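Structure, as structure tokens:
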2 protein chains.
Amino acid sequence: MPYDPSDYPPFAVTVDLVVLTVRRHALCALTVRRGEQPFQGRWALPGGFVRPDEDLAQAAARELSEETGLTAHDPSAPAQDNGAHLEQLATYGDPKRDPRMRVVSVAHLALAPDLPAPRPGGDANSARWAPVEELLAEGGYGRDGEPVAPLAFDHAQILADGVERARSKIEYSSLATAFCPPEFTVGELRRVYEAVWAVALDPRNFHRKVTGTPGFLVPTGGTTTRQGGRPAQLFRAGGATLLNPPMLRPEV
Amino acid sequence: MPYDPSDYPPFAVTVDLVVLTVRRHALCALTVRRGEQPFQGRWALPGGFVRPDEDLAQAAARELSEETGLTAHDPSAPAQDNGAHLEQLATYGDPKRDPRMRVVSVAHLALAPDLPAPRPGGDANSARWAPVEELLAEGGYGRDGEPVAPLAFDHAQILADGVERARSKIEYSSLATAFCPPEFTVGELRRVYEAVWAVALDPRNFHRKVTGTPGFLVPTGGTTTRQGGRPAQLFRAGGATLLNPPMLRPEV
DNA sequence: GATCATAGTCGTCTTCCTGACGATAAACAC
DNA sequence: GTGTTTATCGTCAGGAAGACGACTATGATC
């Protein structure tokens, strides 16, 4: 294994982002429209080169901030400071994944509350939130019946991996709260689970489960009626990060 | 986001391997001794450059084969063909992780049965299986009281992440069988869990759990007494990959 | 060959968690 | 007020897991 710094094969390293949020009862991902070849005009995941002096996590946080204005929220920091959860997802390095050159992409997963004003990069036409169901429909058609072009590069695979990570991770962690505003109700949290898993959950059992798990939810004392119906208690995310026993995803 | 192929920052991309096995009731990792600066003479995880025409998984499989003679066992292939389980772990890209140059390492995790003849690269003096407990003891001392030098680069972190991945993954998957020979007993499988988690499990409850989970174990009909005591039934790994409900790691 | 140590396997009992679902409470719309 | 919506509490049955007793089938030892 000779190790000559001058003869290593050069690669380009990028970060790509799977940014997920819950909007209108659906799990949505941030996509940007490509302005250049290849895949010009197609939707893709946001991303960009890692700079020479940047850590991978820094690069992902920078891209996230550039695309959404969100600040990444260090997983080690406990408080819900309106930042997004950001974690490394996986790395994609097929030699042919970019036709121009050898690019290795370190994909990251970000979970964000529904953004009041999605301000994507300044150009509203070049970015959008799209339901992952549409983005991943294979050669299919969106909710409005229009044909959907698949995402550029291997981004459909990356998105699918990110969605699956999110789906499984909210089972055994308190990460679903990352989709919620700082204060939220049990019903709002339940709708997050329902949107991410695309299932219906029993409100009574869900309520028992989340309020009975120590450290998951902390009542703030306030109530709200923003969902209509009887006023609901407001909660903040508690310190617990791991749910034990986990929240079980219903069988198919 | 201008994208000029000629001005991307160049990186070196490597794969590093966390190869785990269970030997003498302890979880052990493969380490190689570095022959060059930096960290000359220190132990490190095996690894090497990704070649220009290689996928990341291919590079990891090639390194694994070079270091151990094991063939990587595609996760999609079901049968236990004496190959090792291999999966991507995470990617490490701190700008200062290698003092010579910018190196991004895509770490992989391999789980292997105890190898009859650890033939590491041909040079027996340059590779060894070491208990992860010793390798991760911070500034500590090994089982024999000798001081332990920490692993080179950020390999202690990579190893810790790999161990944690293995520990959590055998909870909800049938991956523990990757540490076993093609045919094994319930007791042998239990000793794998005990070694990886470093806990003691109740043999009776464990037996009930694993034999009661559909698709986890398939009896081969044979029996063995290689552990002493009453002969035990032999099993092969079944088709199930996900355990539902999971095997619960005992509370601390 | 009897006894002992070792490991494997089958049961039992209690406790906890979950899924199904009834019932009540507190808001709003008409 | 009546109906609708959402929140919250309670009950009950079934399943899974931890604790642990009992029995079985080997090899080792006396």
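Keep in mind the model is a prediction, meaning the values are calculated, not measured.
Partners of A/Thr31 according to the side chain to side chain donor-acceptor pair (under 3.5 Å) rule, which considers only residues two or more places apart in sequence or in another chain, do not exist here. Under the side chain to side chain donor-acceptor pair (under 3.5 Å) criterion, A/Asp154 pairs with A/Arg97, not counting sequence neighbours. Evaluation of the side-chain contact (heavy atoms from CB on, under 4.5 Å) rule for B/Arg204 yields B/Asp202 as partners, not counting sequence neighbours. Take A/Thr91 and apply the side chain to side chain donor-acceptor pair (under 3.5 Å) test, not counting sequence neighbours, and it matches B/Thr91. With sequence neighbours excluded, the residues that form a side-chain contact (heavy atoms from CB on, under 4.5 Å) with B/Val199 are B/Trp197, B/Leu201, B/Pro250. Among residues two or more places apart in sequence or in another chain, the side-chain contact (heavy atoms from CB on, under 4.5 Å) test is passed with B/Pro203 by B/Arg190. Partners of A/Glu183 under the side chain to side chain donor-acceptor pair (under 3.5 Å) rule, at least two apart in sequence or in another chain, do not exist in this structure.
Within the structure, salt bridge (charged side-chain N to carboxylate O under 4.0 Å, His left out) contacts touching residues 214-235 of chain B (residues at least two apart or in different chains) are B/Glu188-B/Arg226. Listed by first and then second residue, the salt bridge (charged side-chain N to carboxylate O under 4.0 Å, His left out) pairs that reach into residues 206-216 of chain B come to none, sequence neighbours excluded.
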Can you tabulate the close N/O pairs, meaning under 3.5 Å, that link protein atoms to atoms of nucleotides 15-17 of chain D?
| unit_1 | atom_1 | unit_2 | atom_2 | d |
| --- | --- | --- | --- | --- |
| D/dA17 | OP1 | B/Lys209 | NZ | 2.7 |

N/O contacts under 3.5 Å, protein versus nucleotides 1-6 of chain D?
| unit_1 | atom_1 | unit_2 | atom_2 | d |
| --- | --- | --- | --- | --- |
| D/dT6 | O2 | A/Arg230 | N | 3.2 |

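In summary, contact between chain B and DNA chain C, defined as any nucleotide atom under 4.0 Å from a heavy atom of the protein, begins and ends at C/dT6 to C/dT12 in the 5' to 3' direction.
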